[in-house]
Amino acid sequence: MIGPTSAANPGGRACSVGGTTPPGEPCGSNADCQAGSMCVNTGVDLCMEFCADDGACNAPGGQCLITLVDSAQQTVPDAVLCSLNCDPITNTGCSAGGCALGQEEVSMDLFTLCQGAGAGTQGAACVDNGDCAGGFGCFGAAPDQQCLKYCGVNPSKGVCSGGTFCTGFTTPVILGAQEYGVCQ
């Protein structure tokens, strides 16, 4: 487990007995999570599994790319976690919160992540995905961002309602075999 950085623990690492909560399930502290995972807040507290490469994560949405930072906002070396594999179109695979698409800033790899979910549905103003209900993401340029429902362009998946249609992105967003879009 990764613990707080201190003079006695400069790397921020500490060993502890694993709990019984598996990765992807809600937790209250690191002591709840099974060995090899830790409790992380992504808008909701979930056990997340340590990894060395993408092969250790559940595909297609699980990617080995979530880095940890210490109290000085420094990246903790060799401490990387799997994102959680979930389906943003059906909002399944998250036992708490909502499923959203994410993109790693350097490699531009796509992944899915369970995070806190707000109340915003189609067309609601938002600042980030956490403002939107499960199955919706926050899209657009500030200050005109809005919650839009996820849908599948190819293959077709999900239902758009209220006169909206599933529209793909200018640069196709493909994760696994699914091309994603939003209802507009």
Side-chain angles (χ1 to χ4, degrees), residues 23-27 39-49 51 53-54 56-69 73 75 80-184:
E25 295 297 318
C27 53
C39 191
V40 177
N41 184 294
T42 60
V44 60
D45 292 329
L46 297 171
C47 291
M48 296 180 76
E49 191 169 20
C51 56
D53 57 50
D54 290 340
C57 305
N58 293 326
Q63 300 289 321
C64 186
L65 48 67
I66 298 175
T67 57
L68 298 176
V69 294
Q73 299 303 305
T75 300
V80 184
L81 300 166
C82 290
S83 64
L84 296 170
N85 185 41
C86 57
D87 184 345
I89 297 170
T90 60
N91 195 41
T92 56
C94 295
S95 56
C99 179
L101 286 173
Q103 188 169 36
E104 202 280 329
E105 293 176 5
V106 176
S107 68
M108 303 303 283
D109 288 340
L110 294 171
F111 62 95
T112 56
L113 183 67
C114 298
Q115 61 183 29
T121 57
Q122 192 71 21
C126 58
V127 173
D128 60 34
N129 285 335
D131 293 331
C132 301
F136 294 81
C138 186
F139 296 97
D144 298 321
Q145 293 169 280
Q146 59 182 320
C147 296
L148 299 175
K149 183 171 178 31
Y150 286 108
C151 58
V153 174
N154 186 20
S156 180
K157 185 176 179 183
V159 175
C160 294
S161 59
T164 63
F165 300 94
C166 189
T167 305
F169 297 97
T170 303
T171 300
V173 174
I174 301 170
L175 182 60
Q178 181 66 61
E179 180 181 351
Y180 289 89
V182 291
C183 296
Q184 291 185 305

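What's counted below: heavy atoms across the whole structure, side chains too, no hydrogens, waters or symmetry copies.
For the pair T164 (side chain) and S161 (backbone), a donor-acceptor distance under 3.5 Å is present. Judged purely by atom type and a 3.5 angstrom limit, N129 has no side-chain atom pairing as donor or acceptor with the backbone of G137. At distances below 3.5 Å, not a single donor-acceptor pair connects side-chain atoms of S83 with backbone N or O atoms of I66. Proximity of a side-chain donor or acceptor of T90 to a complementary backbone N or O of G158 within less than 3.5 Å is not detected. A donor-acceptor distance shorter than 3.5 angstrom exists from the side chain of N85 to the backbone of A59, with no hydrogens or angles considered. Counting only distance, with no hydrogens or angles, the side chain of Q103 and the backbone of F111 share no donor-acceptor pair below 3.5 Å.
C39 has its SG atom at least 2.5 Å from the SG atom of C47. Sulfur-sulfur distance for C82 and C64: not below 2.5 Å, with no disulfide indicated.
Residues C183 and L148 have side chains not in contact (no heavy-atom distance under 4.5 Å, counting atoms from C-beta outward). By the 4.5 Å heavy-atom criterion applied to side chains, T112 and P88 are counted as neighbours. E25 is listed as a side-chain neighbour of S95, based on a closest heavy-atom distance under 4.5 Å. Side-chain contact check for Q178 versus D87: every heavy-atom pair is 4.5 Å or farther apart. Residues V182 and F169 are in side-chain contact: their nearest non-hydrogen atoms beyond the backbone lie under 4.5 Å apart.
Applying the side chain to side chain donor-acceptor pair (under 3.5 Å) criterion to D45, with sequence neighbours excluded, gives N41. Shown here are the side chain to side chain donor-acceptor pair (under 3.5 Å) partners of S107, two or more places apart in sequence or in another chain: E104, D109. Under the side chain to side chain donor-acceptor pair (under 3.5 Å) criterion, T167 pairs with no residue at all, not counting sequence neighbours.
The structure places SG of C132 at 9.5 Å from CD of Q122, a figure rounded to the nearest 0.5 Å. Considering SG of C126 and CD of Q146, their distance stands at 7.5 Å, rounded to 0.5 Å. Atom CD in Q115 sits 6.5 Å away from atom OG1 in T42 (nearest 0.5 Å). For the atom pair CG (L84) and SG (C114), the distance works out to 4.5 Å, reported to the nearest 0.5 Å. Atom OG of S156 sits about 11.0 Å away from atom CD of E179, to the nearest 0.5 Å.
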Walk me through whether Q145 and D131 qualify under side-chain contact (heavy atoms from CB on, under 4.5 Å). CA-CA 11 Å; Q145 293 169 280; D131 293 331; over 6 Å; no
Audit row: L81, L68, side-chain contact (heavy atoms from CB on, under 4.5 Å) steps and yes/no: CA-CA 8 Å; L81 300 166; L68 298 176; 3.6 Å; yes
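Looking at every heavy atom in both residues, G98 comes nearest to A117 through N-CB, 3.8 Å.
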